[in-house]
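Shown next, in C-alpha cells, is the structure this report addresses.
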Protein chains: 2
Amino acid sequence: MKNALSDYFKAAVSVDNVVFGFEKTGLKILLIYRGAEPFRDQWALPGDLISVDIDLVSSAEKVLQKLTGLEKIYMEQLQTFGKVNRHPYGRVFTVSYFALIKIEDAHLNPSSWAEEAAWFPINEIPNLPFDHNEILEFAKSQLKLRIRRQPIGFELLPKLFTLTELQNMYESVLETQFDVRNFRKKILFLDFITDTGKKENCVAHRPAKLFKYNAKRYQKLIENGYELAL
Amino acid sequence: MKNALSDYFKAAVSVDNVVFGFEKTGLKILLIYRGAEPFRDQWALPGDLISVDIDLVSSAEKVLQKLTGLEKIYMEQLQTFGKVNRHPYGRVFTVSYFALIKIEDAHLNPSSWAEEAAWFPINEIPNLPFDHNEILEFAKSQLKLRIRRQPIGFELLPKLFTLTELQNMYESVLETQFDVRNFRKKILFLDFITDTGKKENCVAHRPAKLFKYNAKRYQKLIENGYELAL
DNA sequence: CCAAAAGTGTTTAAATTACACCCATGG
DNA sequence: CCATGGGTGTAATTTAAACACTTTTGG
C-alpha cells in the first residue's frame, strides 16, 4: 500500500535554538516566555516554524537576529527531533541549533511569539515544553565536545579578555577546574590569542593583561580542528 | 504579515542513510539505483520520505531493515539539510543518518524505490543526486570523529576478528597507518576486546588469534566516551 | 600597609613514538 | 624448506601533572 506523493507534504518543520552566553557568574541560556499557543505563558527555547520559502539555516539565524539584534551569530546545527506526537498541533519536526553569544552585545527584543526573554543560569533551567529539556541537555554535551575541538569559546567572551576570564569560561563550560599555570602554558602554546599590550584599569588589585583572539590562527583551527587536552 | 498556521504544514521530510561496510579491500558505502522519479536511474543514498504516522528514527531504521534484512543496525543521526530548492518536487527537508553494517550479514533486497543496491568503495563514489555527495562527505568526517570517541568500529567487523583485521578497519576509516606493536598495545590496554582462545584455520601462515569485543566494557565506553589517540 | 587577584618555572610521572626479529602454518 | 603473515619488548622522547611564592594595583 503506497501513499500518494501529496500525503507526504503535510509536515511542518521548526527550528529551536539553544543560545549560550557567559558572565562572571557562569554559563547562561536564553529562554523566551511564550506569548502564543501552544504552551503559552511558559519558558521555552526560542524557535519558530519555518516558512516554505526560507532556507533552514536562514530560518534559525533569523529567529536569533530578531531576538538579539545581533547580525553575525556563531551557530551550529545539533540534532533533529521527530517523534510523531511531539507537537500538539500536528506533525512538527524540529531542527535544533546552538548559538554562542556575547551577552553584553545582545539587546533583547522579544518579538511577536515571545512576551519576554531572559538569561537563565545553566543550572536553574525550569521545565520546558515540547522536548526542549532534552534538546538542552544534548546541546550542553555537544558544547563540551565542540569547545575542545575548535576555538569557539571566544564567541562567548568580549573582544578583549583576561586569561582569568578565558579560564573561567572554559571551566564553566567543561564543568571542571584547571591549574592556573598549566592552563596558561597550554593556551599560550596553542597560539590562540595575542597580548594587546593593554591592561585592565580601575581594579583593586594588580591589573590583568588584555588579550584578543588571533584571527588567522582561529580560522585555521576552526577548519582543521584540534584536540584540546585540558 | 503573519502566515496562517496551515501554511506551515506543507513540507515533506525524508531520511537519507549513509551506510558503511568494511571488507579487506577497504571501506564501502551502500548505494541504491533509483527506480522512481526524481533522478530515476541514478545511484543515490538509500532514503525515503517519512509518513506522518512514523517516528523519525523508526523511519530511518525501516529503510535499512527493508534493504538489508538486518534487525539491529547501529545508526546515528548526522545533520538535516533544508535548502529551499534541494528537491524538485517541493519543499523536502532531509535528515541524514549514518549506519555501520557487517557486510557479510546483509542480504541486499532492493525494494520498490530501488532497482538495485550495491557496495561502492569509498573512493569510487559516482556523482549523486540531490545534495547526497555533500551528505556523504559529512558522514565520512563524522565517522572519523566518532570512531575515536566510541568503540563503534566493531559494528563493521564480524563477531570474531583478528587484531590485523581490527587494525585494517581503523586504518581504512581514519585513512592512516599505524605501527603494529603500538596499535596492539593501545587496544589491549583499553580492554575493548577479549581473546576467545580460538584461532584462524586453513591459512597459509601462522594462524591469528580470534578476538571478540568485550560487551560490558563496550557499553561503558559507549556511554562515557573516551579519546582514542591512535 | 593590607587585601585581592595576577603572574610565573621546575620537577616528576605518564604516555607516545620509534624500531627489528622470531614464530606457526600450509603447500 | 620456503613463503606468508602473526606475534612480541625496550629505550628515548614528548607531553601532562603537580605544586607555592612574588607582583601590582586601589583603598
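Just so it is clear, the model here is predicted, and its values are computed rather than measured.
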Can you measure A/Arg206 atom CZ to D/dT24 atom P for me and round it to whole angstrom units? 5 Å
Heavy-atom count check: over 12 atoms from other residues, nucleotides or ligands less than 6.0 Å from B/Lys102 NZ? yes
Taking atom types as they are modelled, would you say the side chain of A/Lys199 forms a donor-acceptor pair with the base of D/dT24 within the 3.5 Å cutoff? no
Can you check whether A/Lys209 has a side-chain N or O nearer than 4.0 Å to OP1 or OP2 of C/dT8? yes
Rounded to whole Å, please give me the gap between NZ in B/Lys185 and P in D/dA11. 12 Å
For B/Lys83, does the NZ atom have more than 12 heavy-atom neighbours from other residues, nucleotides or ligands under 6.0 Å away? no
Which label fits A/Phe39 and A/Phe130: parallel for a plane angle under 30°, tilted from 30 to 60°, or perpendicular past 60°? perpendicular
In terms of the nearest nucleotide of DNA chain D, which residue is placed more toward the 5' end: A/Asn201 or B/Leu163? B/Leu163
Tell whether A/Arg181 reaches the base of D/dA20 with its side chain through a donor-acceptor pair below 3.5 angstrom. yes
From NZ of B/Lys198 over to P of C/dT25, roughly how many Å is that when rounded to an integer? 18 Å
For B/Lys186, answer base if it contacts any base atom (sugar-phosphate contacts may also be present), sugar-phosphate if it contacts only those atoms, and nothing otherwise; contact means non-hydrogen atoms under 4.0 Å. sugar-phosphate
Select base, sugar-phosphate, or nothing to describe what B/Asp179 touches, counting heavy atoms under 4.0 Å on all strands. base
Rounded to the nearest angstrom, tell me the gap between atom CG in B/Leu188 and atom P in D/dG6. 15 Å
Could you state the CD-P distance from A/Glu200 to D/dG26, rounded to the nearest angstrom? 11 Å
Take atom CZ of B/Phe183 and atom C1' of D/dT8, then tell me their distance rounded to the nearest Å. 16 Å
By nearest atom, which of the nucleotides D/dG26, C/dT25, C/dA18 is closest to the A/Ala204 side chain? D/dG26
For the pair A/Phe154 and A/Tyr218, name the ring-plane relationship: parallel under 30°, tilted 30 to 60°, perpendicular over 60°. tilted
Has A/Thr162 got a side-chain atom pairing as donor or acceptor with A/Ala208's backbone, closer than 3.5 angstrom? no
Expressed in angstrom and rounded to an integer, what is the separation of A/Leu210 atom CG from D/dT25 atom P? 14 Å
In whole angstrom, what separates B/Gln167's CD from D/dG6's P? 10 Å
For B/Thr164, report the nucleic acid contact type (base, sugar-phosphate, nothing); a contact means any heavy atom under 4.0 Å. sugar-phosphate
Residue closer to the 5' end of DNA chain D, A/Pro207 versus A/Asn182 (nearest nucleotide): A/Asn182
